[in-house]
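Just follow the structure's listing: the first ligand is 1, and inside any ligand the first atom is 1. No hydrogens, no waters, no symmetry mates; every other heavy atom, side chains included, goes into these values.
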Amino acid sequence: MTVAKSMPAVVQTEMKKGAVELREMPVPEPGEGEVLLRVRGVGVCGSDVHQYHNTQSWSVRVPVILGHEFCGTVAALGKGVKGFAEGELVASETAADIDLDCPLTRVGQYNLDPARRGFGYDLHGAMAEYVKVPVRLLHRVPKNVPAEVAAMTEPCCVAYQATVVNARIRPGDVVVVIGPGPIGLLCATMARLSGAGRVILAGTPRDKGRMAVGLKAGATHAAESAEEVATLLKGMSDGLGADVIIDAAGASITLKSALDWVRPAGHVSKVGWGPQPMNFSMDALVKKAVTLQGSFSHTWAVWERVLAMMGTGQLDPRPFLSKVSPIGDWKASFDGMHAGDLIKPVLTP
Ligand SMILES: [Zn+2]
């Protein structure tokens, strides 16, 4: 396969608001243990939008090609790569660089390796025709899963990790998901798949459209205010609160609502980032003996599981796929996501 020398890419050029542009970048060359992928689909993440507005709470190495939610066909194999053939459709994990000797990596928890560096902020991401990735990150996509759906594997894995791995949901449980962004909506779907009897999406009047989609994809209730959530919970089960809360909102203050709504001995799984300091008492956590669990990223086994679920049709994230467009339309997708009009846009470079 002949590969061009340069390619258009969505690049963050500087650390200032709006410093993202379509720019010609060199096509990467795969080194030892690496694979060059021809990108077939790349999702726009809230974190890409944050970097576009320079409101991220992580460090970025500019200039950098954005995009960490992607799939592609194998275009070239670096030295020593076995097990994959040119033309195969694969999805890629996000832990682009890890310390292979870190004790966490050695026990399979490389998502928590302090040295972990990711695509799209530290290393060049996939909003381009080509991206190079270490072969350890690749997973085969089932034949019946199209590329634009396979590009949604990453957020599905985030939701699986938060809802299934880092929470415990039993059949009939009452679950509240705070924050109906793409991750929250996928967490609601995962909660139903885990057996939850009732799943309440907690948002604001601004989230009406996105929550309506969530109601078609697993959630059983949608609430636009804290009072509405409290009233719903009083009428469910024994009225003592939610068995499990998944906090997927991008503001730390929502943890206060989580502690209000969770039942005694219940569980809170926090997957949403929020750099703001909190200004409330944690006494409810103590008094109710609540388990509070953070959730970050995902691991190999979760990727295999999620792709298998997509292959059998048990998991179908298509309701949340709002728009598929060429890479030249990146700005409309970023702006639409920022405005909350699009749940998950996918670009096809
Ligand atoms: Zn993401």
Response to the item:
Within the 2.8 Å cut-off the protein N, O or S neighbours of the Zn ion (ligand 1) are Cys45 SG, His68 NE2, Glu69 OE2
Counterpart residues, salt bridge (charged side-chain N to carboxylate O under 4.0 Å, His left out), relative to [X] (two or more places apart):
{"X": "Arg168", "result": "none"}
{"X": "Asp207", "result": "Arg210"}
{"X": "Glu21", "result": "Arg23"}

Item to complete: Fit a plane to each ring of Tyr52 and Trp330, take the angle between them on a 0 to 90° scale, and name the class: parallel (under 30°), tilted (30 to 60°) or perpendicular (over 60°).
Response: perpendicular
Worksheet item: So, for Cys156 and Met190, which heavy atoms are closest and what is the spacing to 0.1 Å?
Response: O-CE, 3.6 Å
Worksheet item: Think Arg116 forms a cation-pi with Phe296, using NZ or CZ under 6.0 Å from the six-ring centre and within 45 degrees of its axis?
Response: no
